[in-house]
Colleague: 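Structure in structure tokens, see below.
Heads up: numbering here begins at 1 and tracks the sequence. Remember, it's a predicted structure, so these values are computed and weren't measured experimentally.
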Amino acid sequence: MNKVAITKCGKYEYELIKKAVGLLADNSDFPDVKGKTVLVKPNILSDSKMEKNITTNPLVVKAVIELLKEKGAERVWCGDSPGLPGPKFKGEGCGIWSVVQETGAEWVDFFDGAKETVFWNGVKAPQCRFVSEADIVVSVSKMKTHQLMYATGAVKNMFGTIPGLNKSPMHLYARSPENFAKLILSIYGTHKPEWSVMDGIISMEGAGPANGTLRQTGLLLASSSALALDRAEAVIMGYDPKDIPILSEAEKEEKGSTDASYPLLSAEEVAIPDFRRVEVKKRGIVNSLLLPFLTRFFDKKMAERRKAPEFIKEKCRKCRKCVDICPAKALRLDTDHIAIDTSKCIRCYCCHEMCPFDAIEIEKPN
């Protein structure tokens, strides 16, 4: 059974994190990296300052890179590609670029030689070549809620292997959480990470993954199974794992794939009862049965049932990031506000993820 190691780590202090990461490696089937090329894939949703805790903390990335080097990795690559920045992005604002330089790892540009790949249901998109050229992939995610997928973790972190703006149009072909989960799982399946770490020292609750509320959680987690790790995250947040689309769809593909044993702390004993979760929208039994046969119809109908984003005029700085990221072209910048065509909006909430000013509201979290 998959081992998920969970340990407490109360603050972003390097020596504490390094010790904790070493403990996780010893208790979670850490892969043999000796003489290997390893790709470290942090979660850089946007290149925001470290203090905002939108990205994986650079000290966690540093501890992982140092561990890989100590275990004999010959070469360590590190990279990510947020939704808006283009080629030559380096993760300087969040501090991860500095850590890569400090540790002697190599930053890789996910646009460099990206290869067109066919994913679930024939959806095509370029994918960074490093995920397939590396011998070992390590996903280093951040514990956060997510407006569409309810929680985001180690598996969805691999969505970042699709460079830049190539990600947002993929929402057009998978509009329901269930189908988007299938798409994410197909991307994840191109090269499943051999080891995954989750930064839960400070997590995000409420309106994640970018505009939620920070929560001192004081945890670091790791597993050789990203799915089992994400199941532990769901339990800690207080979700029923069956309600998390990525986990439920993975179980349909392979029963038991999200199961876990806990050699250190269990997810249940560190669960947070009052964690502010995104409300789960459940599909009716008829819709669930017909979804595989009428995918486009039910995707559209379910999207229409979800709440459209609302734009808070007083907070908006008219930066246009929401307009640029919108795959459905449902937004436009008028003279003094963002206008939305709700008939075009597919409720993917990419705009909400990219807004740096918390000027977009979906709905009040539980």
Colleague: Would you confirm whether the ring centroid of F159 sits within less than 6.0 angstrom of the ring centroid of F180?
Modeller: yes
Colleague: Decide if the gap between the ring center of F311 and the ring center of H337 is smaller than 6.0 angstrom.
Modeller: no
Colleague: Please check if the side chain of N53 supplies one atom and the backbone of E51 the other of a donor-acceptor pair under 3.5 Å.
Modeller: yes
Colleague: Would E279 and R277 satisfy salt bridge (Lys or Arg N to Asp or Glu O under 4.0 Å), going step by step from the backbone distance to the final call?
Modeller: CA-CA 6 Å; E279 182 184 359; R277 301 178 295 278; over 6 Å; no
Colleague: Test your reading of the model: is there a side-chain donor-acceptor pair from R306 to the backbone of R347, 3.5 Å cut-off?
Modeller: yes
Colleague: May I ask you to decide whether E106 forms a salt bridge with R75, counting only side-chain N to carboxylate O separations under 4.0 Å?
Modeller: yes
Colleague: Sorted by first residue and then second, give each side-chain hydrogen bond (donor to acceptor under 3.5 Å, both in side chains) pair with at least one member in residues 80-98; sequence neighbours left out.
Modeller: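 Every side-chain hydrogen bond (donor to acceptor under 3.5 Å, both in side chains) pair that includes a residue of residues 80-98, provided the two are not neighbours, is K41-D80, W97-Q101.
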Colleague: Using a 3.5 Å distance criterion without hydrogens, assess whether the side chain of R231 forms a donor-acceptor pair with backbone atoms of S257.
Modeller: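 No.
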Colleague: Atom NZ of residue position K69 - does it have more than 12 heavy atoms of other residues, nucleotides or ligands inside 6.0 Å?
Modeller: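 Correct, the count exceeds 12.
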Colleague: Suppose we screen for side chain to side chain donor-acceptor pair (under 3.5 Å). Which residues come up paired with H146, at least two apart in sequence or across chains?
Modeller: E353
Colleague: Taking 4.0 angstrom as the limit, do K11 and E13 come out as a salt bridge?
Modeller: yes
Colleague: Using the ring of Y14 (Phe, Tyr or Trp, six-membered ring only), decide whether K62 places NZ or CZ under 6.0 Å from its centre and within 45 degrees of its axis.
Modeller: yes
Colleague: Give me the one residue out of L221, L264, L219, V235 that meets side chain to side chain contact (heavy atoms under 4.5 Å, CB included) with V270.
Modeller: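 Option passing the side chain to side chain contact (heavy atoms under 4.5 Å, CB included) with V270: L219.
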Colleague: Decide yes or no for D135 and V38: does some side-chain heavy atom of the first lie under 4.5 Å from some side-chain heavy atom of the second?
Modeller: no
Colleague: When you check the gap from the basic side-chain N to the acidic O, do R215 and D274 get nearer than 4.0 Å?
Modeller: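 Answer for the salt bridge query: yes.
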Colleague: If you count every heavy atom of other residues, nucleotides or ligands that lies below 6.0 Å from K167 atom NZ, does the total exceed 12?
Modeller: yes
Colleague: Look at the side chain of T55 and the backbone N and O of I44, then say whether any donor-acceptor pair between them is shorter than 3.5 Å.
Modeller: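 No, T55 side chain to I44 backbone: no donor-acceptor pair under 3.5 Å.
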Colleague: Side chain of T217, backbone of I201: donor and acceptor closer than 3.5 Å?
Modeller: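 No; zero donor-acceptor contacts below 3.5 Å.
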Colleague: If we ignore hydrogens and angles and just use 3.5 Å, is the side chain of D240 paired with the main-chain N or O of K242 as donor and acceptor?
Modeller: yes
Colleague: Take the angle between the ring planes of Y150 and Y239 and call it parallel below 30°, perpendicular above 60°, tilted in between.
Modeller: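 Tilted, since the angle between the ring planes falls between 30° and 60°.
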Colleague: Do the side-chain N and O atoms of T258 and E251 include a donor-acceptor pair separated by under 3.5 angstrom?
Modeller: yes
Colleague: Checking E133 against T37: is there a side-chain donor and acceptor pair closer than 3.5 Å?
Modeller: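 Per modelled atom types, T37 and E133 side chains form no pair under 3.5 Å.
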Colleague: For N57 versus M50, what's the shortest heavy-atom pair and its separation?
Modeller: ND2-CG, 3.6 Å
Colleague: Short question: side chain of S48, backbone of I54 - any donor-acceptor pair under 3.5 Å?
Modeller: no
Colleague: Under 4.5 Å between any side-chain heavy atoms of T213 and M204, yes or no?
Modeller: no
Colleague: Any side-chain heavy-atom pair from S168 and C350 closer than 4.5 angstrom?
Modeller: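 Sidechains of C350 and S168: in contact.
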Colleague: Is the side chain of S139 donor-acceptor paired with the backbone N or O of N157 at a distance under 3.5 Å, no angle test?
Modeller: no
Colleague: Any donor and acceptor pair, going by atom type alone, linking the side chain of D32 with main-chain N or O of K34 inside 3.5 Å?
Modeller: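 Yes, the answer is positive, given that a donor and an acceptor are paired below the 3.5 Å cut-off.
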Colleague: With no hydrogens and no angle check, is any side-chain donor or acceptor of D29 less than 3.5 Å from a backbone partner on S223?
Modeller: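 No, D29 side chain to S223 backbone: no donor-acceptor pair under 3.5 Å.
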Colleague: Please say whether more than 12 non-hydrogen atoms of neighbouring residues, nucleotides or ligands are located less than 6.0 Å from NZ in K71.
Modeller: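 Count not over threshold, so no.
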